[in-house]
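Remarks on the structure that follows.
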Amino acid sequence: MDEKFFQLYNVPSQGTLAKSFLANVFMWMSGALATSAMFAWFFASSPSLMSHLVNETGFTILGYVVSFAPLGLVLILSFGWQRFSLPAIMGIFITYSILTGISLSFIFLIYTLGSIATVFLIASAMFALMAILGYTTKTDLTAFGSLMMMGLFGIMIAVVVNWFLKSDTLSYIVSCISVLVFTGLTAYDVQKLKYIGMSADSDGMTMRKVAIMGALELYLDFLNLFLSLLRLFGSRRD
């Protein structure tokens with residue numbers, strides 16, 4: 001619709017709606033990342049807390065729960081968000097970010113702090129670049145996104161297979177492909193969310209739920225990009 005229409009009737013334009021919606025999405029995503037980072041550092045810097053998650057024999061029961069609970073919450077949100085109230089979705093998302101942060105505390109036991117910080121900055125720069133590309137490009141990324149989703153399913157299958165094979169070579173290949181897939185998915189997801197924001201009133205209750213689900217998608221894109229880069233370039237502790 002012509003922008004003059006929106007100006008004449010003092011109605012927010014599609015571009016304004018998209019920007020407002022995406023701002024809400026990135027606000028939730030940034031808050032979740034900050035929460036995860038805080039809990040990861042809090043647990044990693046406390047030997048007494050880490051002892052509840054891992055001991056000399058490996059993961060404790062609580063450690064396994066913390067490691068797999070975020071996946072369960074993602075599935076719950078993905079399949080049930082339309083039935084949940086907004087406060088329930090907010091609560092689950094916040095809980096997810098806390099548990100994910102606690103599970104990420106394990107990386108401080110494996111990689112040096114300097115390499116974690118460096119890889120985080122690299123992942124942030126790559127994510128920001130692809131998010132800008134996804135927002136500004138005029139090319140429809142739907143077909144590209146479908147290709148990236150196929151790559152994602154391939155990664156999931158390879159991870160399950162390598163759970164039994166324990167092949168360092170396969171792990172390296174999966175990490176390389178994961179960097180490409182989640183970099184591409186970032187651009188696709190941002191464009192998709194931009195179009196969603198342009199299609200409806202971003203102040204509606206449903207759109208607020210969608211904003212949180214969008215934040216979850218982008219959070220997962222960034223998290224998997226970061227972890228993939230960390231596996232490739234992170235310096236392990238002696």
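Owing to the predicted nature of the structure, the values given are computational and were not obtained by experimental measurement.
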Could you tell me which non-hydrogen atom of [X] sits nearest to which non-hydrogen atom of [Y], and how far apart they are?
{"X": "Val174", "Y": "Ala158", "result": "CG2-CB, 3.6 Å"}
{"X": "Val190", "Y": "Ala131", "result": "CG1-O, 3.4 Å"}
{"X": "Asp189", "Y": "Asp221", "result": "OD2-OD2, 2.5 Å"}
{"X": "Thr57", "Y": "Asn55", "result": "OG1-OD1, 2.6 Å"}
{"X": "Ser228", "Y": "Ser175", "result": "CB-O, 3.8 Å"}
{"X": "Asn162", "Y": "Ser167", "result": "OD1-N, 2.8 Å"}

Can you tell me how far [atom2] of [Y] sits from [atom1] of [X], rounded to the nearest 0.5 angstrom?
{"X": "Leu230", "Y": "Ile116", "atom1": "CG", "atom2": "CD1", "result": "6.0 Å"}
{"X": "Met130", "Y": "Leu218", "atom1": "CE", "atom2": "CG", "result": "12.5 Å"}
{"X": "Leu77", "Y": "Ile212", "atom1": "CG", "atom2": "CD1", "result": "8.5 Å"}
{"X": "Ser97", "Y": "Met38", "atom1": "OG", "atom2": "CE", "result": "8.5 Å"}
{"X": "Leu17", "Y": "Met207", "atom1": "CG", "atom2": "CE", "result": "8.5 Å"}
{"X": "Met213", "Y": "Ile196", "atom1": "CE", "atom2": "CD1", "result": "10.5 Å"}

I'd like to know if the side chain of [X] and the backbone of [Y] have a donor-acceptor N/O pair within less than 3.5 Å.
{"X": "Thr118", "Y": "Gly114", "value": "yes"}
{"X": "Ser45", "Y": "Phe42", "value": "yes"}
{"X": "Thr60", "Y": "His52", "value": "yes"}
{"X": "Arg236", "Y": "Tyr111", "value": "no"}
{"X": "Ser105", "Y": "Gly101", "value": "no"}
{"X": "Arg237", "Y": "Phe108", "value": "yes"}

Between [X] and [Y], is any pair of side-chain heavy atoms under 4.5 Å apart?
{"X": "Met126", "Y": "Ile122", "value": "yes"}
{"X": "Asn224", "Y": "Leu220", "value": "yes"}
{"X": "Met90", "Y": "Trp28", "value": "yes"}
{"X": "Tyr135", "Y": "Gln191", "value": "no"}
{"X": "Val74", "Y": "Pro70", "value": "no"}
{"X": "Lys192", "Y": "Glu217", "value": "yes"}
{"X": "Phe226", "Y": "Ile107", "value": "yes"}
{"X": "Met50", "Y": "Leu109", "value": "yes"}

In this structure, would [X] and [Y] fall into the same cluster of hydrophobic residues linked by side-chain contacts under 4.5 Å?
{"X": "Ile76", "Y": "Leu99", "value": "yes"}
{"X": "Leu225", "Y": "Phe233", "value": "yes"}
{"X": "Met156", "Y": "Leu223", "value": "yes"}
{"X": "Val179", "Y": "Leu147", "value": "yes"}
{"X": "Val65", "Y": "Leu75", "value": "no"}

**Report entry** Polar side chain donor-acceptor pair, Ser36 to Tyr219, under 3.5 angstrom
**Finding:** yes

Query - Polar contact flag, side-chain donor to acceptor under 3.5 angstrom, Thr186-Thr183 - result: no

Query raised in the report: What do the steps show when you test Phe106 against Phe59 for ring-ring contact (aromatic ring centres under 6.0 Å, His included), and what is the final call?
Result: CA-CA 10 Å; Phe106 296 129; Phe59 286 134; 4.8 Å; yes

Within 6.0 angstrom of [X] [atom1], more than 12 heavy atoms from elsewhere:
{"X": "Met150", "atom1": "CE", "value": "no"}
{"X": "Phe43", "atom1": "CZ", "value": "yes"}
{"X": "Ile61", "atom1": "CD1", "value": "no"}

Requested in this report: Apply the test side-chain contact (heavy atoms from CB on, under 4.5 Å) to residues Leu113 and Trp41: give CA-CA distance (whole Å), side-chain angles for both, the deciding distance (0.1 Å), then the verdict.
Outcome: CA-CA 10 Å; Leu113 180 60; Trp41 176 253; 4.0 Å; yes

Query raised in the report: Could you walk me through whether Phe39 and Thr35 pass the side-chain contact (heavy atoms from CB on, under 4.5 Å) check?
Result: CA-CA 6 Å; Phe39 274 87; Thr35 299; 3.9 Å; yes

Query raised in the report: Run the side-chain contact (heavy atoms from CB on, under 4.5 Å) check on Phe21 and Asn24 step by step: do they pass?
Result: CA-CA 5 Å; Phe21 176 73; Asn24 197 18; 5.6 Å; no

Requested in this report: Report the relative orientation of the aromatic rings in Phe93 and Tyr96; use parallel for angles under 30°, tilted for 30 to 60°, perpendicular for over 60°.
Outcome: parallel

Report task. Please report the C-alpha distance between Val66 and Leu62 in whole Å, then the side-chain angles of each, then the deciding distance to 0.1 Å, and finally whether the side-chain contact (heavy atoms from CB on, under 4.5 Å) criterion is met. Result -> CA-CA 6 Å; Val66 168; Leu62 181 59; 4.2 Å; yes

Requested in this report: State yes or no: are the ring centers of Phe222 and Phe120 separated by less than 6.0 Å?
Outcome: yes

Requested in this report: Kindly indicate, with the supporting measurements, whether the criterion side chain to side chain donor-acceptor pair (under 3.5 Å) is fulfilled by Ser115 and Thr112.
Outcome: CA-CA 5 Å; Ser115 67; Thr112 63; 3.0 Å; yes

